[in-house]
Amino acid sequence: MADYVIETWDLTKQYDGKAGCKNITLQVPRGSVFGFLGQNGAGKSTFVRTMLGLLHPTGGKAVMLGHPIGSEESRQKVGYLPELFRYPDWLTGTQLLEHHAELCGLPRAERKTVIRDVVARVGMSGREKERIRGFSKGMQQRIGLACALLSDPELIFLDEPTSALDPIGRKEVRELIADLRDQGKTIFLNSHLLSEMESVCDYVGIIHRGELVVHGEWRKLSAVLPQVEISVEIKGQRFAEDLPAFAVGTELMRRDADQERWLVTLDQEGRVPALLQTLMARGAAVHEVVRKQQSLEEVFLYWVQKKEGEANVAHHENHV
Ligand SMILES: Nc1ncnc2c1ncn2[C@@H]1O[C@H](COP(=O)(O)OP(=O)(O)OP(=O)(O)O)[C@@H](O)[C@H]1O
């Protein structure tokens, strides 16, 4: 049986019957990095805060680490880094961590070692005795991450963990996330930085206007619209004309003296041989065929636009 650390059924949290998130049904497998993607205001934070028991759901139900959300047990092995959280800036990094260690009930005898360990893991060794007032945004985010790791959680929620970091800091956080996953931990990442998520996530959920559009292994989601790049020698014929109906899109990428490079979008997997047969039957010399790996951004846009299209049709039908 699949082992999920999060399972929700129609989980809903709306504010006065509006906005928030609605009917979210998803599963997050243990030991995965799950990216929760959506535009600003899509409902990501509302979902996470509801899971953590900070907001009360207005509908549906959810289980976290085997316990119903809202219960003390569900939160016991959970770490949380809120988005751009402001810490008391008169404290030093170590004082902040000591305070958090006390809050999460870490035995006094272990605190020093655990703090030293989490500080090292987030790359802050040597700076932890400085006051937070003097920390850059990136350092504040790192110390926040250290707080989230103090209780050695099984599940860690990170809300936009790299938004304030420079490219090197982002890379370090990605490595830290991969490292945590290798230790068997599950990371739930909220973000709208799609290129950031691409290399680190195993699973994604796409949320749009409060509703979950799709979720699953992202490399599998990316197969929804297979694309190939084809370089052909065109002999007085136009590539895009009279292609079979399964070639749902064609885009000229480059035109050289004797060759053209086209991006062809197929309606499903397995169409490449038939496409090549058609081209060869027309006498076109095919020089290169390369499968295009879609980016997470393309996958995201595909699903969001699909959802928008469906919403427009429903709106139209309701108004005729
Ligand atoms: N306390 C609140 N009262 C009323 N509406 C709210 C409240 N908090 C959030 N909302 C609305 O709910 C929707 C979802 O907001 P939420 O903050 O969950 O989105 P988000 O995806 O986390 O956005 P961001 O990426 O900007 O943090 C938005 O329309 C927002 O305006």
Side-chain angles (χ1 to χ4, degrees), residues 6 8-28 33-62 64 69-70 74-75 78-87 137-138 140-141 144-145 147-148 155-165 169-170 173-174 177 186-198 200-201 203-216 218 221 295-297 299-308 310-312 314-315:
I6 291 178
T8 70
W9 297 268
D10 283 329
L11 190 68
T12 302
K13 165 64 198 175
Q14 296 202 294
Y15 306 95
D16 296 325
K18 293 194 299 266
C21 64
K22 204 166 82 182
N23 298 334
I24 308 280
T25 298
L26 58 73
Q27 304 85 34
V28 177
V33 179
F34 186 96
F36 203 39
L37 318 177
Q39 290 158 306
N40 288 124
K44 305 181 294 294
S45 301
T46 301
F47 176 81
V48 168
R49 291 169 63 77
T50 308
M51 290 305 298
L52 291 165
L54 300 170
L55 294 170
H56 291 288
T58 47
K61 64 173 196 158
M64 186 160 71
I69 54 165
S74 73
R75 285 191 294 263
V78 174
Y80 174 44
L81 172 65
E83 186 180 9
L84 295 181
F85 191 75
R86 293 198 66 81
Y87 299 104
K137 275 193 191 148
Q140 289 191 26
Q141 220 147 359
L145 251 173
C147 288
L155 167 64
I156 306 152
F157 286 94
L158 303 176
D159 202 345
E160 303 283 2
T162 58
S163 58
L165 300 179
R170 286 180 180 188
V173 170
R174 284 202 302 271
I177 289 169
T186 310
I187 296 102
F188 190 103
L189 272 172
N190 266 8
S191 186
H192 59 263
L193 296 173
L194 300 176
S195 55
E196 283 292 295
M197 307 288 268
E198 186 169 300
V200 80
C201 291
Y203 291 80
V204 297
I206 295 176
I207 182 170
H208 184 59
R209 295 186 197 274
E211 292 181 52
L212 190 72
V213 181
V214 69
H215 80 294
W218 98 254
L221 296 183
S295 67
L296 187 53
E297 184 170 347
V299 173
F300 176 81
L301 287 174
Y302 167 81
W303 286 102
V304 165
Q305 282 163 3
K306 189 166 183 275
K307 180 81 182 169
E308 281 282 294
E310 286 165 8
N312 287 340
H315 180 80

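Model, not experiment: these values are computed from the prediction. In what follows, residues are counted from 1 in the order of the sequence shown. Heavy atoms only: backbone and side chains are in, while hydrogens, waters and symmetry mates are out. We count ligands from 1, going down the list as the structure has it; atoms in each ligand are counted the same way.
Considering each of Ser45, Gly41, Ala19, Gly38, the one bringing a non-hydrogen atom nearest atom 24 (P) of ligand 1 is Gly41. Taking each of Glu160, Lys44, Arg49 in turn, the one with a heavy atom nearest to atom 20 (P) of ligand 1 proves to be Lys44.
The ligand atoms of ligand 1 that sit less than 4.0 angstrom from a heavy atom of Asn40 are 23 (O), 24 (P), 25 (O), 26 (O). Annotation for ligand 1: atoms under 4.0 Å from non-hydrogen atoms of Gln39 are 21 (O). Every atom of ligand 1 is numbered from 1 in the order shown, and the set under 4.0 Å from a heavy atom of Ala42 is 19 (O), 20 (P), 21 (O).
With a 4.5 Å cut-off on side-chain heavy atoms, Phe47 and Leu26 count as touching. Taking 4.5 Å as the limit, some side-chain heavy atom of Leu55 sits within range of a side-chain heavy atom of Tyr15. At a threshold of 4.5 Å between non-hydrogen side-chain atoms, the residues Phe157 and Ile6 count as touching. No side-chain heavy atom of His215 sits less than 4.5 Å from a side-chain heavy atom of Trp303. With contacts defined as side-chain heavy-atom distances shorter than 4.5 Å, the pair Val48/Asp159 does not qualify.
When the shell of 6.0 Å around CZ of Arg174 is examined, it contains more than 12 heavy atoms from other residues, nucleotides or ligands. Around atom NZ of Lys13, more than 12 heavy atoms belonging to other residues, nucleotides or ligands sit under 6.0 Å away.
For atom 4 (C) of ligand 1, a protein non-hydrogen atom is found at a distance below 4.0 Å.
Nearest to atom 1 (N) of ligand 1 among the protein's heavy atoms is Tyr15 CE2, 3.6 Å. For atom 19 (O) of ligand 1, the closest non-hydrogen atom of the protein is Gly43 N, 3.1 Å. Protein heavy atom at the shortest distance from atom 12 (O) of ligand 1 is Gly20 N, 3.0 Å. Protein heavy atom in closest approach to atom 27 (O) of ligand 1: Glu83 OE1, 3.5 Å. From the protein, the heavy atom lying nearest to atom 16 (P) of ligand 1 is Thr46 OG1, 3.6 Å.
Looking only at atom types and distance, the side chain of Gln39 has a donor-acceptor partner in the side chain of His208 under 3.5 Å away.
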